[in-house]
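Along the sequence shown, the residues carry numbers beginning at 1.
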Amino acid sequence: ESRGGSIINIASICGVVGSFLYTPYGISKAGVISGTQNCLKSIKIKVYNNTIAPGSVATKWEFKDRDNISRKCGVLNRASLPEEIASLAAFLSTSTGKYVSGQTIIASACEEL
C-alpha cells in the first residue's frame with residue numbers, strides 16, 4: 001500500500017504569461033507547469049501535485065528595482081521574499097494544503113509582465 005505524498009514544482013510567472021524578453025525562459029517554465037498537470041494523469045498512487053509560479057523574488061543576488069521582471073508592481077510594490085514562497089510550499093505539503101491539487105499558483109503580489 002502506498003501512502004502517497006506531495007509534489008511541488010517551482011516554475012515562474014513567465015511560464016503562465018508570455019513575455020517577449022523572456023521567451024526561452026518562459027517556454028521552459030511552461031514545460032514545468034504542463035509536466036506537473038500531466039503527471040497527475042499518469043501516477044497511479046495518491047499524490048498531490050502543484051506548481052508554484054512566483055513573480056520577482058528577492059534573492060542574495062543584490063536585488064535592485066531594475067532587476068524586477070514585472071512592468072507593474074503589485075499592491076505590495078516589492079518583490080516576494082524567498083521565505084514567502086517557501087511558506088506557500090510548506091502549506092501545500094500539509095494536510096490542510098492537500099485540498100489543493102493539480103493547480104498552478106501564481107505567487108507574484110499581483111505583478112504583471
Participant: Quick one: do Leu88 and Ile10 end up in the same hydrophobic cluster if we chain Ile, Leu, Val, Met, Phe, Trp and Tyr together by side-chain heavy atoms under 4.5 Å apart?
Facilitator: yes
Participant: How close do Ala53 and Val16 get, heavy atom to heavy atom, and via which atoms?
Facilitator: CB-CG2, 4.2 Å
Participant: For Ala30, what residues pass the side-chain contact (heavy atoms from CB on, under 4.5 Å) criterion, not counting sequence neighbours?
Facilitator: none
Participant: Any side-chain heavy atom of Ile8 sitting closer than 4.5 Å to one from Ile52?
Facilitator: yes
Participant: Of all the heavy-atom pairs spanning Ser6 and Lys98, show the shortest one and how long it is.
Facilitator: OG-NZ, 3.1 Å
Participant: Would the distance check show the side chain of Asn49 and the main-chain N or O of Gly102 forming a donor-acceptor pair, the cut-off being under 3.5 Å?
Facilitator: no
Participant: Taking all non-hydrogen atoms of both residues, which atom of Gly15 and which atom of Lys29 are closest, and how far apart?
Facilitator: CA-CB, 3.8 Å
Participant: Any side-chain heavy-atom pair from Leu92 and Gln103 closer than 4.5 angstrom?
Facilitator: no
Participant: Quick one: closest heavy-atom pair of Ala11 and Pro54, and the distance?
Facilitator: O-CD, 3.5 Å
Participant: Under a single-linkage definition using a 4.5 Å side-chain heavy-atom cutoff for Ile, Leu, Val, Met, Phe, Trp and Tyr, are Ile105 and Ile85 assigned to the same hydrophobic cluster?
Facilitator: yes
Participant: For residues Val57 and Leu81, report the shortest heavy-atom separation together with the two atoms involved.
Facilitator: CG1-C, 4.1 Å
Participant: Under 4.5 Å between side-chain heavy atoms, hopping through other hydrophobics if needed: is there a path connecting Ile106 to Ile27?
Facilitator: no
Participant: State, to 0.1 Å, how close Tyr48 and Ser101 come at their nearest heavy-atom pair, and which atoms those are.
Facilitator: CA-OG, 3.6 Å
